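What follows is a short report on a single structure.
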Amino acid sequence: MQSFNHFLREKGVPSDIRSLLYHIARSVKYINFSIRAGNTGKQGAENSFGEAQVAMDVLADNIIADELKKSELAKVIVSEEKEAPEYFPAPRGDFFVAYDPLDGSSLVDVNCSIGSIFGIWEKSADILDRKVDKHFVASCYAVYGPRITLVIAIKDKGVHEFELNDVGEFILVKEGLKLKDKAQYFAPGNLRSCQENEAFKNWVDDCILSGKTLRYSGGMVPDLNHILLKGNGVFAYPSHSKYPNGKLRLLFECAPFAFAFREAGGEAKTEKGASILDITINDYHQTSSIFIGSEEAVDNAVKFMN
Ligand code: AHM
Ligand code: MG
């Protein structure tokens, strides 16, 4: 039984990154508690005491922002729920943290798995106009499912899965997650794109004809967690007339997973074939198409798309 802090220390992860991850893990515990407490009301509604109820994703956003502020390590934060970045006095560090507080929040009321996603960069100044990969040091995501897990990827130190135990500690369950080159599973998001994009339809047909197994929940976190934990698979979310540049957000969704998947030996590309980690960040809320998973399967999908 190894706690995540102890494990990361043994791996030689610098103390500032460990401390930041400790605060992120704390926020995940509070969000988990709120979900279990049934705080699923819509913003603007009233709870049974007549108090204004806060939407779960806004609540999660506030919980994370509070913890990041307390860390004294995050100088700039931005989230899917915030128009603009927030700046904190951070006497102990200079990190930029981008996060999606509750991805797939439309799945909360039907009790499907959801998650939180975090990307951590060093040197918080000049995030815009920088390539995604530059100063990217760690990413992680939490899965709020039947079990609460935290998957952490650290640059050059691998990807590891931790599980929340009954006394509120994240304990190592799987060390050094790796992705095989070939995929048995496929998770095609935005399937409606088949109607107008023959290349995408041909790729989906190819997945079916080659006998791949569909595993798709509608939540990026559980879908990509499935691929990473099974050790193979490919997830797609292509562009569409409704989303000409894809729907998924670069900083909060695509980049943290691209970082973790590369660390596990996988790949993440746009439908045009550019590496997600090579994209230049122009806007905090920019979106991208994405094909991510086992390397050979991603390259094959990109071939179909072009
Ligand atoms: P959200 O951030 O508004 O929750 O949207 C992101 C989610 C992903 O988890 C999922 O892969 C995708 O949207 C599903 O999109 P669609 O509703 O188009 O099927
Ligand atoms: Mg999201």
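All of these numbers come straight from a predicted model, not from anything done at the bench. Counting convention: from 1, in listed order, for ligands and their atoms alike. Residue indices begin at 1 and follow the sequence shown.
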F200 and F291 aromatic ring geometry - parallel, tilted or perpendicular at 30°/60° bounds: perpendicular

Geometric N/O contact D103 with ligand 1, under 3.5 angstrom: yes

Short N or O distance, V221 and ligand 1, threshold 3.5 Å exclusive: no

Pair F186 + Y216: ring centers closer than 6.0 Å: no

Distance-only side-chain donor-acceptor flag, H23 / E67, under 3.5 Å: yes

Short side-chain donor-acceptor distance under 3.5 Å, Y99 and D61: yes

Nearest-0.5 Å distance, CD1 of residue I77 to CZ of residue F118: 10.5 Å

Shortest non-hydrogen contact between R215 and D223, atoms and distance: O-OD1, 4.0 Å

N/O separation below 3.5 Å, F235 to ligand 1: no

Side chains of S116 and Y144, donor plus acceptor under 3.5 Å: yes

Test of proximity, R249 against ligand 1: N or O pairs below 3.5 Å: yes

Residue-atom pairs from the protein, N, O or S only, that lie under 2.8 Å from the Mg ion (ligand 2): E80 OE1, D100 OD2, D103 OD1, E253 OE2

Modelled atom types, side-chain donor and acceptor of S294 and N232, under 3.5 Å: no

